[in-house]
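One structure coming up, written as structure tokens, with questions to follow.
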Amino acid sequence: MFWNALAVIVTGLAILITVRQGVGYRLLYDLDHVLAEDLDEISLNLREERGLDFERLHRELDRKARGHAYHQWFVLFIDRKGDAVWSSTGAPVLPRVITPGRETETLTTSGYRLAYRELAGARERAPIVCVGSSVKFIQRDMASIDRMVILVAAVIIVGSPLCGYILAGRATAPLANMMATTARLRPSEMDERLKVRGTGDELDQLAMTVNGLLDRLAEYLKQKHDFLANAAHELRTPLSAIRSSVEVALSGDRTVDEYNELLAEVIDECSSLETLVNQLLLLAETDADRQEVVGDPIPLHLVVGRAAEMFQGVAEFNGVRLKVEHLPEVVVPGNRHYLRQVLSNLLDNAIKFTASRYVHHAGPISANNGHGTRGEIKISLQPDWEQRVVRLLIEDNGPGIPKEDLPLIFDRFYRVDRARVRGIATGGTGLGLSICQAIIHAHRGTIEVMSKVDEGTTFVITLPLVTADNPAALV
Ligand code: ADP
């Protein structure tokens with residue numbers, strides 16, 4: 001603000017001084033012009049009228065001098081030594097400053113502007129003719145211009161910092177507001193947002209951008225907070241179960257069978273804990289190493305075929321048929337270990353939920369639900385060579401997922417029906433699908449779900465293909 005005001009003042013003063021000097025120079029220039037014209041007129045008179053009657057000329061010049069009394073106009077005939085031989089009425093006595101010459105010269109002396117020249121035809125004794133005029137009227141004009149300049153300069157000197165202060169205040173007020181609001185924000189208090197004034201200017205756009213960032217940050221912090229709270233909650237359940245089993249074991253004498261049973265419970269809960277901790281670690285890994293996940297060309301058909309083989313036994317044990325429909329050869333950029341993890345999670349879910357539907361209807365480990373239908377899971381790979389993507393479909397005819405839960409199932413720790421799932425010992429952690437999503441996103445792919453209650457669920461994973469003309473997919 002200070003520099004701005006200084007720049008305005010310096011520029012303003014420079015303009016004023018230039019204008020003032022320009023006007024002064026112009027007035028003097030005009031006066032010189034008039035005096036030179038008068039000199040020319042006298043010169044013409046002298047040249048045209050040979051044998052001139054000097055008396056008559058003096059009378060005329062005197063008359064003119066009286067007529068221009070306001071400007072104190074006068075004429076002098078001067079000898080070579082610089083003394084005035086004849087002077088018109090009202091002519092002042094001037095110091096000897098005039099030097100003879102054929103060219104018209106001008107000078108200012110004792111408050112008078114003079115134009116003089118040696119004229120042919122002038123009296124031999126006084127060949128130099130000097131026409132003069134007072135510069136008082138120019139000085140008067142300049143004095144009133146100076147008064148105006150001083151007034152305007154004063155206005156600029158006082159007004160510029162003042163206006164600068166007011167304008168800068170107006171311009172920086174929203175910024176100060178923004179700084180105050182951002183300074184108040186804390187990770188635990190992220191509700192406040194920057195004020196958008198509705199002017200649509202750059203500051204408004206900045207406020208909207210920062211607000212967008214704050215929204216994302218708040219959402220991220222909330223997710224982290226929920227994640228931690230859920231993780232702690234999930235860890236507490238098996239830990240309390242272990243504690244109560246151990247307490248029961250220590251509370252009195254037990255038979256060997258009872259001890260065995262209690263220790264088996266402890267081992268069960270330890271496995272749950274292990275699964276949960278492994279899943280949490282996997283999530284942290286995929287979140288942190290997004291860039292490092294993808295890299296090698298992976299023959300997806302082999303990974304899918306291998307996973308299907310591995311789960312065949314579990315599926316049969318649960319009375320579910322696992323069918324591999326179509327596995328054309330496809331290569332995707334990725335990480336074999338993580339892709340296997342995705343397939344395991346999806347197949348594990350498909351088997352346990354599909355089995356849960358049919359087991360409930362027809363008793364444990366049944367092949368059908370009593371109406372001839374049986375649990376079935378289909379796996380297929382559908383390459384789209386034009387779009388350079390491959391779709392991996394895992395379809396089941398399990399219980400399906402209610403419409404309102406579909407958008408939430410990829411959220412961390414989200415389970416559709418906790419009570420029911422836990423009740424039939426298929427209870428997972430609710431982390432499986434969020435792990436799948438994190439891994440697939442790290443592979444620059446997408447994972448979608450389509451489901452209808454009592455009809456089944458289909459997960460569709462789309463991954464970029466590595467083809468001869470698309471090796472870039474590996475980068
Ligand atoms: P969980 O560890 O509970 O399996 P997931 O994240 O893998 O957690 O799945 C989240 C929820 O999505 C499950 O609790 C379940 O309700 C639902 N779900 C996932 N896969 C299926 C499926 N194939 N059929 C029906 N419901 C499913």
Practice task
Measure centre to centre between the rings of Phe77 and His58, then say whether the value is under 6.0 Å.
Solution key: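 Yes.
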
Practice task
Would you check if there is a donor-acceptor pair between the side chains of Thr429 and Gln279 at a distance under 3.5 Å?
Solution key: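 Looking only at side-chain atoms, Thr429 and Gln279 do form a donor-acceptor pair, the distance falling under 3.5 Å.
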
Problem - Leu343 CG to Leu392 CG distance, which is reported to the nearest 0.5 Å - result: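 Going from the CG atom of Leu343 to the CG atom of Leu392 covers 5.5 Å.
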
Problem - Audit row: Leu280, Phe227, side-chain contact (heavy atoms from CB on, under 4.5 Å) steps and yes/no - result: CA-CA 10 Å; Leu280 288 175; Phe227 180 67; 3.3 Å; yes

Practice task
Verify side-chain contact (heavy atoms from CB on, under 4.5 Å) between Leu114 and Val131, making sure each step is shown before the conclusion.
Solution key: CA-CA 6 Å; Leu114 311 176; Val131 181; over 6 Å; no

Exercise for the section: Mark yes when over 12 heavy atoms from residues, nucleotides or ligands other than Arg170 sit less than 6.0 Å from its CZ; otherwise mark no. Expected result: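 No, because the 6.0 Å sphere around CZ of Arg170 holds 12 heavy atoms or fewer from other groups.
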
Handout entry: With Phe410 via ring-ring contact (aromatic ring centres under 6.0 Å, His included) - residues at least two apart
Key =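 Partners of Phe410 by the ring-ring contact (aromatic ring centres under 6.0 Å, His included) criterion come out as none, since no residue qualifies.
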
Handout entry: Short side-chain to backbone donor-acceptor contact, Thr181 and Leu194, under 3.5 Å
Key =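 Here the side-chain-to-backbone pair does not exist.
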
Problem - Minimum side-chain heavy-atom gap Arg113-Asp32 below 4.5 Å - result: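 They are in side-chain contact.
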
Practice task
Spell out, as yes or no, whether a donor-acceptor pair under 3.5 Å connects the side chain of Asp79 to the backbone of Asp83.
Solution key: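 Yes, Asp79 side chain to Asp83 backbone: donor-acceptor pair under 3.5 Å.
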
Handout entry: Distance in Å, Leu28 CG paired with His33 NE2, rounded so as to fall on 0.5 Å steps
Key =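 Reported value, rounded in 0.5 Å steps: 13.5 Å.
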
Practice task
Keeping the roles fixed (side chain from Asn345, backbone from Gly432), state whether a donor-acceptor pair exists under 3.5 Å.
Solution key: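 Pair found, side chain donor or acceptor close to backbone of Gly432.
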
Exercise for the section: Give the minimum heavy-atom separation between Pro333 and His443, together with the two atoms involved. Expected result: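 So the two residues come closest at O-CD2, 3.4 Å.
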
Practice task
Please check if the side chain of Asp384 supplies one atom and the backbone of Val390 the other of a donor-acceptor pair under 3.5 Å.
Solution key: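 Not a single qualifying donor-acceptor pair exists.
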
Problem - Of Ile377, Asn349, Ile401, the residue whose pairing with Thr457 passes side-chain contact (heavy atoms from CB on, under 4.5 Å) - result: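 Among Ile377, Asn349, Ile401, the one meeting side-chain contact (heavy atoms from CB on, under 4.5 Å) with Thr457 is Ile401.
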
Handout entry: Atom pair CD1 (Ile9) and CD1 (Ile156), whose distance is rounded to the nearest 0.5 Å
Key =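 Between atom CD1 of Ile9 and atom CD1 of Ile156 there are 8.5 Å.
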
Exercise for the section: Ignoring hydrogens and angles, tell me if any N or O in the side chain of Asp405 forms a donor-acceptor pair with the backbone of Val416 under 3.5 Å. Expected result: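 The answer is no, because no donor-acceptor pair under 3.5 Å joins these two groups.
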
Exercise for the section: Give a yes or no answer on whether the side chain of Asp62 reaches the backbone of Ser88 with a donor-acceptor pair at less than 3.5 Å. Expected result: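 No, Asp62 side chain to Ser88 backbone: no donor-acceptor pair under 3.5 Å.
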
Problem - Side chains of Asn4 and Tyr165 in contact at under 4.5 Å (non-hydrogen atoms) - result: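 The answer is no, as the side chains (C-beta and beyond) never meet within the 4.5 Å cut-off.
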
Handout entry: Closest non-hydrogen atom pair, Leu273 against Pro238
Key =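 Heavy-atom minimum between the residues: CD2-CG, 3.6 Å.
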
Exercise for the section: Go through the steps to decide whether Glu234 and Arg415 satisfy the test salt bridge (charged side-chain N to carboxylate O under 4.0 Å, His left out), and finish with yes or no. Expected result: CA-CA 12 Å; Glu234 293 297 324; Arg415 288 181 294 233; 3.2 Å; yes

Practice task
Find the distance between NE2 (His337) and CG (Asp296) and round it off to the nearest 0.5 Å.
Solution key: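 Nearest 0.5 Å value for the NE2-CG distance: 13.0 Å.
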
Practice task
Could you tell me whether the side chain of Val277 reaches within less than 4.5 Å of the side chain of Leu235, counting heavy atoms only?
Solution key: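 In contact.
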
Practice task
Provide the closest heavy-atom pair for Val332 versus Val466 in the form atom of the first, atom of the second, distance.
Solution key: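 Where Val332 meets Val466 most closely, the heavy atoms are C-CG2, 3.8 Å.
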
Practice task
Return the set of residues passing side-chain hydrogen bond (donor to acceptor under 3.5 Å, both in side chains) with Asn177 (not counting sequence neighbours), or none when no residue passes.
Solution key: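 By the side-chain hydrogen bond (donor to acceptor under 3.5 Å, both in side chains) rule, Asn177 matches no residue at all.
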
Handout entry: Arg197, CZ atom: more than 12 neighbouring heavy atoms under 6.0 Å
Key =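 Yes, enclosed.
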
Practice task
For a ring-ring contact (aromatic ring centres under 6.0 Å, His included) with Phe74, tell me which candidate from Tyr112, Trp86, Tyr116 qualifies.
Solution key: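 Only match with Phe74 under ring-ring contact (aromatic ring centres under 6.0 Å, His included): Tyr112.
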
Handout entry: Lys64: side-chain hydrogen bond (donor to acceptor under 3.5 Å, both in side chains) partners, not counting sequence neighbours
Key =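 Partners of Lys64 under the side-chain hydrogen bond (donor to acceptor under 3.5 Å, both in side chains) test: Asp38.
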
Practice task
Would you please test Leu381 and Leu393 for side-chain contact (heavy atoms from CB on, under 4.5 Å) and show each step?
Solution key: CA-CA 6 Å; Leu381 270 181; Leu393 277 76; over 6 Å; no

Practice task
Enter the distance from Ile439:CD1 to Asn335:CG here, rounded to the nearest 0.5 Å.
Solution key: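 Answer for the CD1-CG pair, Ile439 versus Asn335, is 8.0 Å.
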
Problem - Donor-acceptor pair, side chain of Ser144 and main chain of Asp141, under 3.5 angstrom - result: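 Between the backbone of Asp141 and the side chain of Ser144 there is a qualifying donor-acceptor contact (under 3.5 Å).
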
Exercise for the section: Would you check if Ile394 and Thr458 make a side-chain contact, meaning some heavy-atom pair closer than 4.5 Å? Expected result: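 SC-SC contact between Ile394 and Thr458 ruled out.
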
Handout entry: Within 6.0 Å of CD in Glu404, more than 12 heavy atoms from elsewhere
Key =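 Yes - once you tally the heavy atoms of other residues, nucleotides and ligands closer than 6.0 Å, there are more than 12.
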
Handout entry: Minimal non-hydrogen separation, Lys403 against Pro407, with atom names
Key =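 Lys403 and Pro407 have their closest heavy atoms at O-CD, 3.4 Å.
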
Exercise for the section: Look at atom OH of Tyr220 and say whether more than 12 heavy atoms of other residues, nucleotides or ligands are closer to it than 6.0 Å. Expected result: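 Check fails, neighbour count at 12 or below.
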
Handout entry: Euclidean distance, Cys436 SG relative to Ile447 CD1, rounded to 0.5 Å
Key =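 Spacing of CD1 (Ile447) from SG (Cys436) equals 5.0 Å.
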
Practice task
Go through Leu276 and Leu431 one step at a time and tell me if the side-chain contact (heavy atoms from CB on, under 4.5 Å) criterion holds.
Solution key: CA-CA 8 Å; Leu276 183 60; Leu431 286 174; 3.8 Å; yes

Problem - pair Leu31-Leu35: side-chain heavy atoms closer than 4.5 Å - result: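 The answer is yes, as the side chains (C-beta and beyond) meet within the 4.5 Å cut-off.
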
Exercise for the section: Return yes if some donor-acceptor pair links the side-chain N/O of Asn230 with the main-chain N/O of Asp226 below 3.5 Å, else return no. Expected result: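 Judged by distance alone, yes, a pair lies under 3.5 Å.
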
Exercise for the section: Please tell me if the side chains of Met178 and Leu203 come closer than 4.5 Å, counting only heavy atoms from C-beta onward. Expected result: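 In contact.
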
Problem - Test: Asp40 and Arg117 ion pair at under 4.0 Å - result: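 Yes, Asp40 and Arg117 are salt-bridged.
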
Practice task
Could you tell me whether the side chain of Trp385 reaches within less than 4.5 Å of the side chain of Val330, counting heavy atoms only?
Solution key: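 Side-chain contact under 4.5 Å: yes.
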
Handout entry: Check: Ser133 main-chain N/O paired with His71 side-chain donor or acceptor under 3.5 Å
Key =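 No; zero donor-acceptor contacts below 3.5 Å.
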
Practice task
Please report the shortest heavy-atom distance between Leu283 and Ser434, naming the atom on each side.
Solution key: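 Residues Leu283 and Ser434, closest heavy atoms: CD2-O, 4.1 Å.
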
Practice task
Dump the intermediate steps for salt bridge (charged side-chain N to carboxylate O under 4.0 Å, His left out) on Glu189 and Arg184, then the final yes or no.
Solution key: CA-CA 8 Å; Glu189 296 161 36; Arg184 276 198 299 273; over 6 Å; no

Practice task
State, with a plain yes or no, whether a side-chain heavy atom of Val342 is found less than 4.5 Å away from one of Leu346.
Solution key: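 Yes; the side chains approach each other to less than 4.5 Å.
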
Handout entry: Nearest heavy atoms of Thr106 and Ala115, plus distance in Å
Key =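 Closest approach of Thr106 to Ala115: CG2-CB, 4.1 Å.
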
Practice task
Taking atom types as modelled, find out whether Gln205 and Asp201 have a side-chain donor-acceptor pair closer than 3.5 angstrom.
Solution key: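 No - no donor-acceptor pair under 3.5 Å links their side chains.
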
Handout entry: Asn211 (side chain) donor-acceptor with Arg193 (main chain) under 3.5 angstrom
Key =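 No, Asn211 side chain to Arg193 backbone: no donor-acceptor pair under 3.5 Å.
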
